[in-house]
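Numbers for residues simply follow the sequence, beginning at 1.
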Amino acid sequence: MSNTESKLTTWTDTTYSLTQETWLYVVSSSEDGTTHLVCPGVPNGGNGFVIRFQPCHLSILESLITQLQQTHNS
């Protein structure tokens, strides 16, 4: 296994508490059909991240939105 592959297979669970002021933006890639949620680390104390979503994630994202809306409306 190469050094790059080993970096890709190691991970830790991380929790971020996003606030109303957290800088987020979305970038889509027509090349591979993915959409990225980007939270840059520079304005967020070095705690940046990117989550790459694929079309197969639509149902879980729809569930997330539904639950957020229910929480907001209650």
Side-chain angles (χ1 to χ4, degrees):
M1 181 181 309
S2 75
N3 191 24
T4 302
E5 289 174 325
S6 67
K7 288 181 183 177
L8 294 176
T9 58
T10 60
W11 57 275
T12 58
D13 290 333
T14 304
T15 301
Y16 292 103
S17 295
L18 303 177
T19 67
Q20 192 170 11
E21 291 80 30
T22 302
W23 181 27
L24 297 171
Y25 63 93
V26 175
V27 177
S28 293
S29 171
S30 59
E31 292 177 17
D32 62 2
T34 61
T35 299
H36 304 81
L37 175 64
V38 180
C39 178
V42 174
N44 297 302
N47 294 317
F49 61 89
V50 175
I51 302 175
R52 182 178 149 238
F53 295 102
Q54 299 176 26
C56 63
H57 299 118
L58 280 171
S59 64
I60 193 68
L61 292 170
E62 289 168 348
S63 177
L64 172 68
I65 290 169
T66 299
Q67 290 184 30
L68 280 171
Q69 288 171 333
Q70 289 173 352
T71 301
H72 177 71
N73 294 331
S74 56

Nearest atoms (heavy-atom pairs only) where [X] meets [Y]:
X: H36; Y: R52; answer: NE2-CG, 3.5 Å
X: T19; Y: T22; answer: N-OG1, 2.8 Å
X: P55; Y: G33; answer: CD-O, 3.5 Å

Name the residue from V26, T34, L37 that meets the side-chain contact (heavy atoms from CB on, under 4.5 Å) definition with F53. L37
Going by side-chain heavy atoms closer than 4.5 Å, which hydrophobic residues are tied to Y25, directly or by a chain of links? W23, V27, V38, V50
Please name all residues satisfying side-chain contact (heavy atoms from CB on, under 4.5 Å) with S28, sequence neighbours left out, ordered by chain then number. T35
In chain order, what residues pass the ring pair (Phe, Tyr, Trp, His ring centres under 6.0 Å) check against F49, with sequence neighbours excluded? Y16
Please tabulate, one pair per line, all N/O donor-acceptor pairs under 3.5 Å involving side-chain atoms of residues 60-70, not counting sequence neighbours.
residue, atom, partner, partner atom, Å
S63, OG, Q67, NE2, 3.4
T66, OG1, E62, O, 3.0

Residues at least two apart in sequence or cross-chain that pass side chain to side chain donor-acceptor pair (under 3.5 Å) with S29, listed by chain then number, are D32
The side chain to side chain donor-acceptor pair (under 3.5 Å) partners of N73 (sequence neighbours excluded) come to none
